[in-house]
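Let me begin by presenting the structure, written as structure tokens, before commenting on it.
Below, all heavy atoms of this structure are taken into account, side chains as well, without hydrogens, waters or symmetry copies. Computed from a prediction, not measured in an experiment: that's the story for all the values here.
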Amino acid sequence: MTAIQELLHPDGNALSDQTLSGSAPGVLITEADLQDCHFEAVNLEGATLKSSALEDCDFHECNLANAQLVGTVFTRCRFVDCKLVGADWSRAGLSLLPPVTITFERCIRDYASLSRVNFSRARFIDCSMRDTDFTDANLSKATLGNCELTGARFHGTDLRQADLRGSRGYFFDPRDNQTRGLKLSALEAPGLLAAFGIRVD
């Protein structure tokens, strides 16, 4: 098992097929190149991950609360049971990339910023995303299944062919977003009709 501190050394920025552990809150990690790495219960609260590339990496029970992701690309990465409260993805460098698959399962992503991020085809399963900012994000063909979305902000969001079935608490005006082909559960659809002054009892 490799300590997360290895990423802080100039010769340790490129790692492949490693399991990382440890705690480095508030740390700056820059120009890391990680492939097939597994992060196990790593504490990176308040850390900054800058100009890095992560491919086929897994995060399990990690703390990335209030992390700053700057110019960093995640390709085919998976986050399970992670804390991502307040994490800022808006500068992660994902806005102009072709869609890649990223998965979040049972993660806490409250108060996070996904503004202008390309999460096309991303999967959010059983996640809490209260008060998350999705302004101008690309969520086309994404799956948000059984997620808590109370207070989430959707404006200029691409939700074409996205699947929100099973999620709850969200409200947005379809006229302010792209919604062609959007899949909704019958229980939550009345919340969107309210934008048109329609009440369903």
Side-chain angles (χ1 to χ4, degrees), residues 1-7 15-27 29 32-49 52-70 72-90 92-94 97 99-114 117-134 137-150 152 162-170 183:
M1 188 171 288
T2 302
I4 192 67
Q5 282 77 9
E6 288 295 318
L7 294 179
L15 294 176
S16 178
D17 195 23
Q18 298 289 319
T19 296
L20 300 168
S21 65
S23 180
V27 73
I29 297 174
D33 184 3
L34 307 177
Q35 293 187 353
D36 298 298
C37 288
H38 180 72
F39 291 74
E40 182 65 39
V42 174
N43 180 13
L44 289 173
E45 182 174 2
T48 298
L49 194 56
S52 298
L54 290 83
E55 183 175 346
D56 296 311
C57 293
D58 291 334
F59 293 78
H60 183 248
E61 295 184 348
C62 294
N63 182 1
L64 288 90
N66 299 312
Q68 301 293 312
L69 308 170
V70 183
T72 293
V73 177
F74 296 83
T75 304
R76 295 185 302 276
C77 291
R78 184 168 176 246
F79 295 78
V80 179
D81 295 318
C82 291
K83 184 178 181 181
L84 296 150
V85 176
D88 186 358
W89 296 75
S90 64
L94 299 176
L97 293 174
V100 295
T101 301
I102 187 168
T103 299
F104 301 90
E105 298 179 19
R106 300 186 303 277
C107 292
I108 302 175
R109 300 181 51 85
D110 301 336
Y111 309 106
S113 176
L114 276 69
V117 169
N118 181 8
F119 269 160
S120 177
R121 297 185 175 89
R123 298 178 73 247
F124 302 86
I125 307 298
D126 297 321
C127 292
S128 178
M129 295 191 283
R130 293 182 175 88
D131 294 294
T132 291
D133 186 5
F134 293 103
N138 182 0
L139 295 176
S140 61
K141 299 182 180 179
T143 298
L144 290 79
N146 197 35
C147 293
E148 173 59 62
L149 294 167
T150 299
D163 190 347
L164 271 65
R165 289 177 295 185
S167 290
R168 58 202 172 274
Y170 58 84
K183 303 178 184 69

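- Between E61 atom CD and E40 atom CD the span is 6.0 Å, to the nearest 0.5 Å.
- The shortest non-hydrogen separation linking C62 to A41 is SG-N, 3.9 Å.
- Taking CG from L149 and CZ from F124, the interatomic distance works out to 9.5 Å, rounded to the nearest 0.5 Å.
- Residues M129 and L114 have side chains not in contact (no heavy-atom distance under 4.5 Å, counting atoms from C-beta outward).
- Counting only heavy atoms from C-beta outward, the side chains of W89 and F74 approach each other to under 4.5 Å.
- When the salt bridge (Lys or Arg N to Asp or Glu O under 4.0 Å) test is applied to D131, no partner is found at least two apart in sequence or on another chain.
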Name the atoms and distances for all side-chain donor-acceptor pairs under 3.5 Å in residues 63-70, with sequence neighbours left out.
| from | atom 1 | to | atom 2 | distance (Å) |
| --- | --- | --- | --- | --- |
| N63 | OD1 | A65 | N | 3.0 |
| N63 | ND2 | E45 | OE1 | 3.3 |
| Q68 | OE1 | R91 | NH2 | 3.0 |

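- You'll find the side chain of H60 stays beyond 4.5 Å of the side chain of V42, heavy atoms only.
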- Test log, rule side-chain contact (heavy atoms from CB on, under 4.5 Å), inputs T103 and E105: CA-CA 7 Å; T103 299; E105 298 179 19; 3.6 Å; yes
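- With sequence neighbours excluded, the residues that form a ring pair (Phe, Tyr, Trp, His ring centres under 6.0 Å) with F59 are F39, F79.
- Rounding to the nearest 0.5 angstrom, the gap separating the CG atom in N146 from the CG atom in L144 is 11.0 Å.
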- Take R106 and D81 through the test salt bridge (Lys or Arg N to Asp or Glu O under 4.0 Å) and record every step on the way to the result. CA-CA 5 Å; R106 300 186 303 277; D81 295 318; 2.9 Å; yes
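- V27 and A24 make their closest contact through CG1-O, 3.1 Å (heavy atoms, listed as atom of the first residue, atom of the second, distance).
- In terms of the side-chain contact (heavy atoms from CB on, under 4.5 Å) criterion, residue partners of D36 (sequence neighbours excluded) are, by chain and number, D56.
- The closest side-chain heavy-atom distance from L44 to I29 is below 4.5 Å.
- The cationic group of R109 lies under 6.0 Å from the six-membered ring centre of F104 and within 45° of the ring axis, placing it in a cation-pi geometry.
- A search for side-chain contact (heavy atoms from CB on, under 4.5 Å) contacts involving D163 returns T143, R165, K183, not counting sequence neighbours.
- Checking S120 against N118 by side-chain atom types alone, no donor-acceptor pair falls below 3.5 Å.
- Minimum heavy-atom separation, S167 to C147: OG-N, 3.0 Å.
- Put simply, the side chain of S52 gets close to the backbone of A32: a donor and an acceptor are under 3.5 Å apart.
- Rounding to the nearest 0.5 Å places CD of Q18 at 12.5 Å from NE2 of H38.
- Using a 4.0 Å cut-off between a side-chain N of Lys or Arg and a carboxylate O of Asp or Glu, R78 and D58 do not qualify as a salt bridge.
- Judged as a side-chain contact (heavy atoms from CB on, under 4.5 Å), and not counting sequence neighbours, the contacts of I108 are V85, D110.
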